[in-house]
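Okay, structure first, notes after.
Keep in mind that the numbers below use all heavy atoms, side chains included, and drop hydrogens, waters and symmetry copies. Just so it is clear: chains get the letters A, B, ... in the order the sequence lines come, proteins before strands, and each one is counted from 1.
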Amino acid sequence: MASDETVQPSNFIRNIILEDIRAGKHGGQVTTRFPPEPNGYLHMGHAKSICLNFGLAKGFGGECHLRFDDTNPGKEDVEYVESIQEDVRWLGFDWGAHLHYASDYFDRLFEFAVQLIQSGKAYVCSLSPDEIRQYRGTLTEPGKNSPYRNRSIDENLDLFYRMKAGEFEEGTHVLRARIDMSSPNIILRDPTLYRIRKVSHHRTGNTWCIYPMYDFTHCLSDSIENITHSICTLEFENNRALYDWVLNELDTPCHPQQIEFARLNLSFTVLSKRKLIQLVDQGHVSGWDDPRMPTISGMRRRGYTPHAIHNFCERIGVARRDSTVDMALLEYCIREDLNDKALRVMGVLNPLKVIIDNYPENQVESLEAPYYPDRPEMGSRIVPFSKELFIEADDFIEDPPKKFFRLSPGREVRLRYAYFLKCETVVHDPLTGKVVALHCTYDPETRGGGAPDGRKVKATLHWVSAAHAVPAEVRVYNHLFIKPDPTETPDGQDFISSINPDSLQVLNHCMIEPSLANADTNTRYQFERLGYFCLDSRDSRPDALIFNRTVTLRDEWEKIKKQAAT
RNA sequence: UGAGGGAUCGUCUAGCGGUAGGACGACGGGUUCUGGCCCCGUUAACCGAGGUUCGAAUCCUCGUCCCUCAGCCA
């Protein structure tokens, strides 16, 4: 059984917190936060951050807040704030009473900005966006002071209040911190704190027409919420100087510690919001919850479990170096969980008709098959057996290669939970020569799958009774991209050119055992010998079942075939 | 080449002056009414060069390579 009491492995952030607690910092408290901007759906990269922040808080007896960083109304939407909450909850985390929005702090943030102006640490700059860029300098050359840098405090105050009152057009004025235009850290060259945006906000409506920037908002929001450890990704490393500057210049409740870690990269997929949006908008996938997407909603629909995602996030660790985790590890984690949870059933993806010549016409037997072969006490279902069956087309080869030990002419195999079956003759399509059916015989002495004479077979096949099978559609998924790093593309091409044309295969003629007729969305199934499957929560209907393949089983035969091919 | 970061098995990660360990993958074997699960084994790493030390992945020096920053995005 997979266990929930997973040992939290050591990582540098845990070590920092451990040391802080030992030193009595923050009074021994640990409060973290997960601060998404509601401008897209959550993906596996967010899952890493969610598990880290909520996991740390839980592990140290603290709390983790969910805070929407909603300071850019033009790009944000309630659709996203809803999906984000659903996804975090689905992952199994609880923010308790701590659901916050940066927009809840707009009044206080404004007051902080006034404070900064009053202490001469901020000014209203009336340069155009283009001029600001030119004045900023470059990586190697210092910037130069804005001509508006020395406005009086009174003038700045007046202008700032008038910005708030809506007297100016977008782009005409901004509030800037007065720090150092020649700082080697470009972030510190009088960064913008507030800009004018005459757009409605999804929570504050038209109350505001000036909105605070990330660097000003985030540190103050953390402080207002008494966050002790503000964990973010590496690209904010340079911003830490500004995070600390703002909190040092202002009289704030506390000064949280910003700690950066490396964001998650996963092979054969992309984990950047910008790229995921592009996949959705350009129709390369059916939506944010397309089962091929590395989004939480996509993976949920695909059949991934919260438990598997937790385990994955623990196994990948947390560090400061850029890295790309092998997709095989994610697949290992979901197999590990589903191996424990999934009901074993039989379904044939590519049916091949089998006629058992010596089986009585019109006879139907009811065979009992356990849902969990390793734990038969967990229940079973009845599987009908009759003269005509379907087996997997891949399980028969007329002229078998070495090491293939499934069915071929003259060879005997076992039908799972049923009888030994021997292939006698092969029926071909007269036009194409394709194999269309097999005439076989069975051994009545082997009912249940055992041979009284002790003879062995080298393979056991899954099957369904043709007369009783339920037709179904099965969607099998492969990597969304053909390359481990989709962004590694030939000249001029972008990552879209790396999309795998076979990432989705729809199989319309599948035959599944009758017990699956009342399959439900919450149950995970293993189609024996094939993989793990679940009902598609969006498209499946009771009279037209659609299954998603979550992941294949490990497949030794695939490997042998590949080895033989090389 | 301004500033800030980072380099440990193929991949991810531990290590905090004292035998470089784990996981995934790969490879081989055992078991098996799933070529699954499970079990056993093998493979395989400290970016380089110096230095300090009885002893260096760890401390120091000098290199090399990689990442981030020039939004009124976050």
Side-chain angles (χ1 to χ4, degrees), chain A residues 9-11 15 35-37 39 69 71-72 74-75 125 127-129 132-134 136-143 170-176 182-189 191-197 210-211 213-215 217-218 232-241 260 262 264 267 273-274 314-333 335-336 339-340 344 346 373-374 403-406 413-418 420 446 448-451 456-462 484 526-531 552-560:
Chain A
S10 156
N11 67 56
N15 293 343
E37 183 189 12
N39 68 344
D69 226 327
T71 57
N72 189 8
K75 289 187 175 170
C125 181
L127 252 22
S128 70
I132 287 184
R133 193 180 324 122
Q134 281 159 15
R136 188 153 31 225
T138 68
L139 294 179
T140 50
E141 306 160 79
E170 290 187 14
T172 55
H173 306 277
V174 291
L175 183 73
R176 290 230 255 170
S182 62
S183 170
N185 181 355
I186 293 179
I187 301 283
L188 260 18
R189 317 242 259 233
T192 301
L193 267 23
Y194 268 89
R195 76 289 212 189
I196 299 168
R197 278 285 174 279
I210 56 172
Y211 292 93
M213 299 285 288
Y214 165 85
D215 285 304
T217 308
H218 202 89
C232 62
T233 43
L234 246 28
E235 65 268 28
F236 292 101
E237 229 171 327
N238 297 324
N239 299 55
R240 189 173 65 236
E260 311 87 16
L264 172 66
S267 61
K273 253 188 220 174
R274 209 210 101 245
E314 261 156 35
R315 283 165 195 269
I316 59 177
V318 181
R320 283 179 70 86
R321 89 183 81 145
D322 296 312
S323 60
T324 300
V325 176
D326 195 332
M327 181 64 88
L329 181 60
L330 219 207
E331 293 176 345
Y332 172 85
C333 289
R335 285 191 189 109
E336 180 188 46
N339 177 52
D340 191 53
R344 309 296 131 124
M346 293 192 286
D374 298 334
K403 290 188 185 168
F404 179 86
F405 40 84
R406 274 111 93 147
V413 297
R414 172 170 35 234
L415 294 173
R416 183 80 158 150
Y417 300 124
F420 282 16
T446 58
K456 304 277 186 202
V457 288
K458 286 169 89 175
T460 299
L461 308 188
H462 61 278
Q526 183 195 106
F527 290 4
E528 290 208 52
R529 305 207 304 130
L530 296 176
T552 62
L553 254 30
R554 275 186 62 212
D555 191 344
E556 198 69 23
W557 171 236
E558 265 313 307
K559 249 193 245 175
I560 294 168

Residue whose closest nucleotide on RNA chain B lies nearer the 5' end, A/Asp69 versus A/Phe405: A/Phe405

Value in whole Å for how far the [atom2] atom of [N] lies from [atom1] of [X]:
X        : N     : atom1 : atom2 : answer
A/Leu193 : B/C73 : CG    : C1'   : 15 Å
A/Gln526 : B/G35 : CD    : P     : 10 Å
A/Arg529 : B/U32 : CZ    : P     : 18 Å
A/Phe236 : B/A74 : CZ    : P     : 9 Å
A/Glu336 : B/C37 : CD    : P     : 11 Å
A/Glu260 : B/G5  : CD    : P     : 9 Å
A/Asp340 : B/G36 : CG    : P     : 18 Å
A/Asn339 : B/C38 : CG    : P     : 6 Å

State the [atom1]-[atom2] distance between [X] and [Y], to the nearest 0.5 angstrom.
X        : Y        : atom1 : atom2 : result
A/Arg197 : A/Thr71  : CZ    : OG1   : 10.5 Å
A/Arg240 : A/Cys232 : CZ    : SG    : 8.5 Å
A/Leu193 : A/Ile210 : CG    : CD1   : 10.5 Å

- prompt: Is there side-chain contact between A/Thr192 and A/Leu175, with at least one heavy-atom pair below 4.5 Å?
  reply: no

- prompt: Is there a side-chain contact between A/Asn72 and A/Asn39, using heavy atoms and a 4.5 Å cut-off?
  reply: no

For atom [atom1], what is the distance between [N] and [M], given to the nearest Å?
N     : M     : atom1 : result
B/A57 : B/G48 : P     : 11 Å
B/G50 : B/U68 : P     : 32 Å
B/U31 : B/G22 : P     : 26 Å
B/C16 : B/A20 : P     : 13 Å
B/G36 : B/G21 : C1'   : 29 Å
B/C65 : B/C60 : P     : 22 Å
B/G15 : B/A23 : C1'   : 16 Å
B/G4  : B/U58 : C1'   : 23 Å

With heavy atoms under 4.0 Å as the rule, sort [X] into base, sugar-phosphate or nothing.
X        : answer
A/Asp374 : base
A/Ile560 : base
A/Ser267 : nothing
A/Tyr211 : nothing
A/Thr217 : nothing
A/Val457 : nothing

Which heavy-atom pair separates [X] from [Y] by the least distance, and what is that distance?
X        : Y        : answer
A/Asp340 : A/Arg344 : N-NH2, 4.4 Å
A/Leu188 : A/Ser183 : CB-OG, 3.6 Å
A/Arg176 : A/Leu127 : NH2-CD2, 4.2 Å
A/Ile560 : A/Lys403 : CG2-CD, 3.8 Å
A/Arg189 : A/Gly137 : NH2-C, 3.8 Å
A/Pro373 : A/Tyr417 : CG-OH, 3.3 Å

message: Starting the side chain at C-beta, find the nucleotide from B/U34, B/G5, B/G35 nearest to A/Arg240.
response: B/G5

message: Closest approach to the side chain of A/Arg321, judged atom by atom: which nucleotide of B/U13, B/U34, B/A74 is it?
response: B/U13

message: Give me syn or anti for B/G4, where syn covers glycosidic angles within 90 degrees of 0.
response: anti

field: Lys/Arg-Asp/Glu bridge criterion (N-O < 4.0 Å) met for A/Glu336, A/Arg315
entry: yes

query: Below 4.0 angstrom, N of the basic side chain to O of the carboxylate: do A/Glu141 and A/Arg136 qualify?
result: no

statement: Applying the Watson-Crick and G-U criteria (both distances under 3.5 angstrom) with [ ] for crossing and | for other-strand pairs, one obtains for RNA chain B .((((((..((((....[..)))).(((((.......)))))....(((((..]....))))))))))).....

message: Ignoring hydrogens and geometry beyond distance, is a side-chain donor-acceptor pair present between A/Asn185 and A/Asn238 at under 3.5 Å?
response: no

- line: Expected string for nucleotides 15-28 of chain B under the B/S/- scheme (protein heavy atoms, under 4.0 Å, primed atoms plus P, OP1, OP2 as sugar-phosphate) is SB------SS-SS-

Below 3.5 Å is the cut-off: list the nitrogen or oxygen pairs between protein and nucleotides 69-72 of chain B, distance only.
from, atom 1, to, atom 2, distance (Å)
B/C69, O4', A/Asn238, ND2, 3.3
B/A70, O3', A/Arg136, NH2, 3.4
B/A70, O2', A/Arg136, NE, 3.2
B/G71, OP2, A/Arg136, NH2, 2.9
B/C72, OP1, A/Arg136, NH2, 3.4
B/C72, OP2, A/Arg136, NH1, 3.2
B/C72, O2', A/Arg197, NH2, 3.2
B/C72, N4, A/Leu127, O, 3.2
B/C72, N4, A/Pro129, N, 3.3
B/C72, N4, A/Gly171, O, 2.8

